[in-house]
Each structure stands twice: as C-alpha cells, then as structure tokens.
Amino acid sequence: MGTVTGAVIGVGATSLADRSRWRREQAARQTAIKRELYAAYLAAVAQAWNEIRAAVIDSDEPWPQRARLASLAYRNGGVYELRYQMSITAPPNIVALSDQTMRGIRDLTNRLNAGQTYDSWGDDNQPWFDAFNAMRRMMRLDLDPAALHLPPSSP
C-alpha cells in the first residue's frame, strides 16, 4: 500500500511539474509571438509615416503627385494587413488602438487625395500621434507589466 501511495504521489508530482513547465513555455511562446507582431506593426506604421511625410513635406513634386505617393506609401506599408493579425493576437485595448492608428494614417491620405495640403503636420494629426503613443505604451506593458512608461514620441 505504501508503494502504491508513493507511486501515485510521484506520478502526480511529475504531472504537476510537467503541466507547470508547459504553461510557462506556452506563455513564453505567446509573448514571443506578440513581441514579433508588435515590432512588425510598429515598424510598418513608422515606415508608412516616414514615406508619407517624405512625399508630402520633403518632395518637390506637384501636389496631386505628392498625394498619390502618400497613398502608395500607406497601401504598400503593410499597416492594414498587420492590423488583421493584431486583431486575433493582441488584447482588445491594443487592437482598438491599432485600429485608431491605422485609420489615422488612412484618413490623412484620404484628406491629401481630397486636396488638403500641408506645410507642416499641425494639429490635424495629433489624434493619430496620441493613439500611436498610447498603443506603444500598451504594447510595452502587455509584454512586460513591470515596464517603465515610455515618453511620447514627437511628430
């Protein structure tokens, strides 16, 4: 009877340890997946934003061509496609902020194509910057709840 009890305790302890290790490995894998997705999304947003800015502010092209270049930068940047990956991987608050970020860039390119011109970015784009900064902070906290807050990025 003692041997059976010892075997049951041993098997139970091993099973609990295996289960605990499996959970830790799953959590580490999920964090790695999120880290890669968050980095890809932030890189796509930054690239699209920089290309839009270059097309609009730094270009010598006539205005309609600048707006077309900005639209191409948005469409080719991968932001829209990565947002769908965010919607199935990230927590709801980060998904909402990624949507706001993507829509902010899309709205900017729509305004440019409608004829709005910019000599500087002004206050029209502040909601986009705010959503982007909030999204970065939330991503950082999702990956590491003890992470220090980042200062906001400037436009």
Side-chain angles (χ1 to χ4, degrees), residues 16-155:
L16 286 174
D18 287 346
R19 179 78 175 158
S20 178
R21 181 174 46 250
W22 178 82
R23 283 186 180 167
R24 280 192 311 273
E25 290 170 357
Q26 285 293 99
R29 271 193 290 274
Q30 283 294 90
T31 298
I33 289 168
K34 284 182 187 180
R35 182 174 284 113
E36 287 178 29
L37 176 59
Y38 292 173
Y41 191 77
L42 291 171
V45 168
Q47 180 180 350
W49 179 256
N50 287 333
E51 289 179 15
I52 291 168
R53 186 182 188 292
V56 174
I57 302 291
D58 301 335
S59 177
D60 293 330
E61 296 288 331
W63 189 255
Q65 180 63 16
R66 289 183 188 192
R68 279 192 292 280
L69 290 172
S71 291
L72 281 173
Y74 168 68
R75 283 196 307 266
N76 295 334
V79 175
Y80 190 79
E81 295 82 359
L82 284 168
R83 199 232 355 131
Y84 282 108
Q85 289 183 34
M86 294 287 287
S87 71
I88 63 171
T89 304
N93 58 340
I94 295 175
V95 171
L97 291 168
S98 71
D99 284 348
Q100 280 182 273
T101 300
M102 185 267 312
R103 286 188 184 109
I105 295 173
R106 183 189 62 203
D107 292 347
L108 170 62
T109 59
N110 288 343
R111 289 192 311 267
L112 294 170
N113 282 306
Q116 185 172 358
T117 61
Y118 284 94
D119 293 326
S120 68
W121 293 111
D123 291 335
D124 285 349
N125 294 304
Q126 193 58 49
W128 180 89
F129 289 118
D130 293 342
F132 180 75
N133 286 325
M135 180 183 66
R136 277 187 330 131
R137 282 191 304 275
M138 295 305 297
M139 286 174 170
R140 185 175 172 96
L141 290 173
D142 184 41
L143 295 173
D144 180 8
L148 297 174
H149 289 285
L150 292 173
S153 63
S154 59

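Values below: all heavy atoms of this structure, side chains included; hydrogens, waters and symmetry mates excluded. Values in this document were obtained by computation on a predicted structure and should not be read as measured data.
The line from CZ of Arg66 to CG of Asp58 is 9.0 Å long, rounded to the nearest 0.5 Å. Atoms CD1 and OG1, on Ile94 and Thr101 in that order, are 11.0 Å from each other to the nearest 0.5 Å. Put simply, CE on Met86 and CG on Leu82 are 8.5 Å apart, with the number rounded to the nearest 0.5 Å. A distance of 7.5 Å separates CG of Asp107 from OG1 of Thr109, quoted to the nearest 0.5 Å. Atom-to-atom distance recorded for Tyr41:OH and Glu81:CD is 10.5 Å, nearest 0.5 angstrom. Distance check, rounded to the nearest 0.5 Å: CD1 of Ile105 to CZ of Arg83 gives 12.5 Å.
Minimum heavy-atom separation, Ile52 to Ala70: CG1-O, 3.5 Å. Listed here is the closest heavy atom pair of Val79 and Ala48: CG2-CB, 4.1 Å. Shortest non-hydrogen contact noted between Ala44 and Gly77 is CB-O, 3.3 Å. In this structure, Glu61 and Leu69 approach most closely via the heavy-atom pair CG-CD1, 4.3 Å.
Annotation: side chain to side chain contact (heavy atoms under 4.5 Å, CB included) contacts of Asn76 (sequence neighbours excluded): Leu72. In this view, Leu143 and Thr31, Lys34, Arg35, Tyr38 satisfy the side chain to side chain contact (heavy atoms under 4.5 Å, CB included) rule, not counting sequence neighbours.
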* Asked: Run the side-chain contact (heavy atoms from CB on, under 4.5 Å) check on Leu108 and Trp128 step by step: do they pass?
  -> CA-CA 9 Å; Leu108 170 62; Trp128 180 89; over 6 Å; no
* Evaluate the side-chain contact (heavy atoms from CB on, under 4.5 Å) criterion for residues Met135 and Arg140: first the C-alpha distance (whole Å), next the side-chain angles of each, then the deciding distance (0.1 Å), finally the verdict. => CA-CA 9 Å; Met135 180 183 66; Arg140 185 175 172 96; over 6 Å; no
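Remark: aromatic rings of Trp49 and Phe129 are close, center separation under 6.0 Å.
No donor-acceptor contact under 3.5 angstrom links the side chains of Gln100 and Arg103, judged on distance only. Of the N and O atoms on the side chains of Gln47 and Glu51, at least one donor lies less than 3.5 Å from an acceptor on the other residue.
Ser71 has its side chain out of reach of Leu112: every pair of non-hydrogen atoms, C-beta onward, lies at least 4.5 Å apart. Residues Met102 and Leu97 form no side-chain contact, since every pair of their non-hydrogen atoms from C-beta on lies 4.5 Å or further apart. In this structure, Glu36 and Gln85 have side chains that are not in contact, with every pair of non-hydrogen atoms separated by 4.5 Å or more.
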